[in-house]
Structure formats: structure tokens, C-alpha cells
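Everything below concerns the one structure shown next.
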Number of protein chains: 2
Amino acid sequence: MTADHLENRRQEIVRAALRCFAREGFHATSVRDVVRESGLSAGAVYSYFPSKAELVAGAVEPILEALTGVLDAVVVDTDRSPEPGRTPAEAVAEVLRRIYPLAVGGEVDYTRVAVTAWAEGLRDPAVRAIAEQTYGTVRGRLTDRVATWRDAGHLAADVDAEALGQVLFSTLVGFVLQHALLGDVDLDRYATAVCLLLPRP
Amino acid sequence: MTADHLENRRQEIVRAALRCFAREGFHATSVRDVVRESGLSAGAVYSYFPSKAELVAGAVEPILEALTGVLDAVVVDTDRSPEPGRTPAEAVAEVLRRIYPLAVGGEVDYTRVAVTAWAEGLRDPAVRAIAEQTYGTVRGRLTDRVATWRDAGHLAADVDAEALGQVLFSTLVGFVLQHALLGDVDLDRYATAVCLLLPRP
DNA sequence: CCCGTCAAGACGGACGACCGTTCTCTAATG
DNA sequence: CATTAGAGAACGGTCGTCCGTCTTGACGGG
């Protein structure tokens with residue numbers, strides 16, 4: 001088996017699994033469901049993933065990687081600009097606008113997978129590790145932006161950048177939750193509202 | 001069986017179930033687990049709850065009711081004051097401060113149950129209905145506060161109150177998620193940071 | 001050029017464990 | 001004695017996983 005073939009099959013299976021997970025969550029989808037959705041056999045799936053838990057981890061990881069990717073792209077764009085023209089809140093809004101089409105534009109709604117991944121992270125150490133690492137990175141970037149913004153004199157010198165980074169992070173995950181669970185949030189209106197936070201003095 | 005006895009037993013079972021759910025989530029806790037935790041028998045549990053799904057719903061409902069209760073209390077307090085002295089962000093911070101001891105001060109960490117309830121709401125219509133109703137109410141209250149604040153001239157007249165209400169709601173659920181999943185948020189620092197979001201002009 | 005060989009990928013039924021739920025029996029109460 | 005809450009074994013079904021069987025396609029000897 002060539003390495004290419006192995007990787008292709010793995011991705012095929014992961015995509016089938018994600019369709020199932022988005023529909024029913026991790027626990028309510030059986031391995032049989034994934035097998036059926038993938039068009040393969042149980043034996044075939046188990047020759048690419050040693051257990052259901054590994055399949056879950058394999059499905060969660062690329063989603064969170066995409067999030068850090070987008071965030072880094074926005075930060076890089078910002079760093080390139082001559083001066084920090086965006087407030088930290090505007091940076092968050094930009095991240096939202098960029099990640100939205102990736103999250104809900106495809107065949108699966110990744111916001112639904114994200115919410116089930118949060119729940120799974122509470123008990124599965126592997127998922128938790130992925131979440132801690134990724135979300136830690138994302139939040140750290142936001143904290144850095146806040147600190148820079150504060151040190152440029154736009155916020156009081158004693159502002160707690162880390163806590164404010166946590167709050168801005170909340171506006172990201174809060175959008176994900178409301179989109180997945182309540183389904184009544186509009187990206188543009190939400191992003192616009194985010195930009196009202198931490199206004200320039 | 002007296003109505004008192006029935007209600008006491010039901011609450012006993014619900015509390016045992018919540019301990020299990022906070023540990024492992026809904027799907028990973030079996031009815032046997034709840035039976036063991038409650039010290040009763042399977043037959044007894046099933047004579048108070050017709051199914052596991054009802055048990056889940058019975059566990060989720062009082063948690064969300066507590067949330068709306070606290071929110072209403074804060075809104076009432078605010079309405080009593082001679083003028084709206086609190087910004088909408090400060091109202092959110094106050095809700096956080098009041099609900100925190102209820103959520104994590106007892107024998108179970110309700111933020112963990114909340115996160116698993118979100119995931120369950122994606123697929124269980126009964127849980128979803130409870131979440132939609134409660135969170136809809138909470139968000140509506142926040143939207144009202146924003147609209148009042150805007151109409152008092154503290155925000156531009158064309159501000160989208162509903163969207164800003166959604167953003168403020170995100171800071172609530174975002175705290176819950178970060179507390180449950182990452183465990184590294186400090187209530188006081190977070191609440192203080194929330195207050196910075198919408199400063200008085 | 002054709003056919004026999006062989007290895008590897010895929011298949012899908014089988015397995016034990018455990019699931020949610022039910023039902024009969026027991027014990028204690030008033 | 002009548003009634004009923006509670007106990008816990010038992011049931012059919014489904015779970016995750018494994019493994020024996022089969023298909024397929026590349027390759028080399030005649």
C-alpha cells in the first residue's frame with residue numbers, strides 16, 4: 001500500500017465520519033454508521049484506524065488546525081500593515097468572517113462538530129489535549145493583540161490583557177455555539193456588533 | 001405514595017444523575033451508573049422516570065431555570081435603580097458573579113453539565129427546546145438592556161441591539177466553556193474585563 | 001501472449017460485553 | 001391482611017472490535 005493511498009483512504013473515512021458526527025455527535029454515531037457512510041467495510045475501516053477513539057481524534061484535529069491557520073493569517077495581515085489599524089475586536093470580527101465559509105460552506109457544518117468536540121473534551125484526554133493546545137494558541141494570539149493595543153495607549157495601562165483575551169475568545173466560541181444550537185445568528189450583523197466592543201477612545 | 005415523597009425521590013435521583021453527567025456526559029453514563037450512584041435499584045429509578053431521555057431532560061431543566069432566575073434578579077435590581085447606572089456589559093458581569101457560586105460551588109460543576117447539554121441539544125429535540133427557550137429568554141433580556149442603553153444616547157442610534165445582545169450572550173457562554181474545558185479562567189478578572197467592552201462615552 | 005501464482009486490501013459475519021428497559025418477586029408499612 | 005415501593009435478575013438489541021475468507025491486480029514463466 002502506497003503512502004498516498006493510505007492517506008487518501010484515511011481522509012475518505014474521516015470525511016464520512018464527520019458527516020455522521022455533525023448529524024448525531026460522537027457517541028450516538030456507531031462505527032457501523034461510519035462504515036455505512038464511507039461505503040467501506042468494518043474491517044477496512046479498522047485497518048486504517050485502530051479504534052473509534054482514534055477516529056474521533058482524527059476528525060477533530062484538522063478542524064481546529066484550520067482555526068489556528070485562519071487566525072495566524074489575520075495576525076500576519078495585521079502585522080504587515082504600517083500601523084495597527086484594527087482594534088482587537090475588529091481582528092476577531094475578521095477571523096469570524098474568514099472562518100465562516102470554511103466552517104459552514106462545505107458538506108458538513110463544523111460548528112456542530114465543534115460543540116460535540118467540546119463535550120467530548122470533558123472526558124476524553126486525547127480530545128481535550130487537542131482542544132487545550134489549539135484554543136490556548138488562539139487565545140494567546142488574542143491576548144497579544146490586546147497587550148499591543150493597550151501598550152499603544154488605546155487602553156488603560158493596568159488593563160488585564162489575558163482576561164480581555166479570554167473575553168474576546170468567548171465572542172468566537174459564542175458565535176459557534178449560537179450558530180450550532182440556536183441557528184439564528186447572522187454573521188455580518190454579529191461581526192459588526194463585535195466591532196463595537198473596545199471602541200477607540 | 002405522597003406527592004412530597006415522589007418529589008424528594010425524583011430530586012434524589014436527579015442529583016445522582018447530575019453527578020454522573022458532570023463526570024462523563026450523558027451518553028457515557030449508563031442508567032446503571034445512575035442507579036449505582038443513587039443507591040437505588042433499576043426498577044425504582046424507572047418508576048420515577050420513564051426513560052433515560054426523561055432523566056436527562058429532568059437534569060438539564062433546573063440548571064437553566066437557575067440561570068434565567070439570576071438574570072431576572074439582576075434585571076429587576078437594575079430596573080429599580082433610579083437610572084440605568086450599569087452598562088449592559090456591567091450587567092453581564094454581575095450575572096456572571098452571581099451565577100458562579102451556584103454553578104461551581106456545589107457538589108457538581110454545572111458548567112460541565114451545560115457543555116454536554118449543548119451537545120445533546122444538537123440532536124435531542126427535548127433538550128434543544130429547553131435550551132432554545134431559556135437561552136432565547138436570556139439573550140432577549142440582554143438585547144433589551146442594549147436597546148435601552150442605546151436609546152439613552154450612550155450608543156449610536158443605528159446600533160443593532162439584537163446582534164450586540166448575541167455578542168454579550170457569547171461572553172456568558174464563553175466563560176462557561178472556558179471554565180469547563182480549559183479550567184483556567186478566573187471569575188473576577190474575567191468579569192472585570194467584560195466591563196471594559198462597552199465603556200461609557 | 002496467456003495463464004498460474006501470490007500477496008495485500010477489502011469484506012462481512014461472529015463474538016462477548018454492555019446497553020436501556022421490563023417484570024416478577026420480596027419486604028415492609030399502615 | 002392489603003397495598004405498594006423497591007430490588008435485581010433477565011431480555012432483546014446493539015455496541016466496538018476481531019478474524020477467517022475472498023477478490024483483485026501485478027508479475028513472471030512457458
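Everything numeric here is computed off the predicted structure, so don't read it as measured data. Proteins get letters first, then strands, A, B, ... in listed order; numbering begins at 1 in each.
OP1 or OP2 of dA7(D) has at least one side-chain nitrogen or oxygen of S41(B) nearer than 4.0 Å. For Y48(B), no side-chain nitrogen or oxygen approaches OP1 or OP2 of dA5(D) to under 4.0 Å.
The salt bridge (Lys or Arg N to Asp or Glu O under 4.0 Å) check on D144(B) picks up nothing, with sequence neighbours excluded.
When rounded to the nearest whole Å, the span between CD of E12(A) and P of dA10(C) equals 9 Å. Rounded to an integer number of Å, the gap from I13(B) CD1 to dT21(C) P is 14 Å.
Between the side chains of Q166(B) and R189(A), no donor N or O sits under 3.5 Å from an acceptor N or O.
Between the side chain of Y135(A) and the main chain of F169(A), no donor-acceptor pair closer than 3.5 Å is present. Judged purely by atom type and a 3.5 angstrom limit, R10(A) uses its side chain to pair as donor or acceptor with the backbone of Y48(A).
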Sequence neighbours excluded and cut-off under 3.5 Å, please list the side-chain donor-acceptor pairs for residues 53-71 of chain A, or say none.
unit_1	atom_1	unit_2	atom_2	d
T68(A)	OG1	L64(A)	O	3.4
T68(A)	OG1	E65(A)	O	2.8

Contact state string [nucleotides 14-21 of chain D, B base, S sugar-phosphate only, - no protein heavy atom under 4.0 Å] | -BBBBB--
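Environment of CD in E7(B): crowded, with over 12 heavy atoms of neighbouring residues, nucleotides or ligands closer than 6.0 Å.
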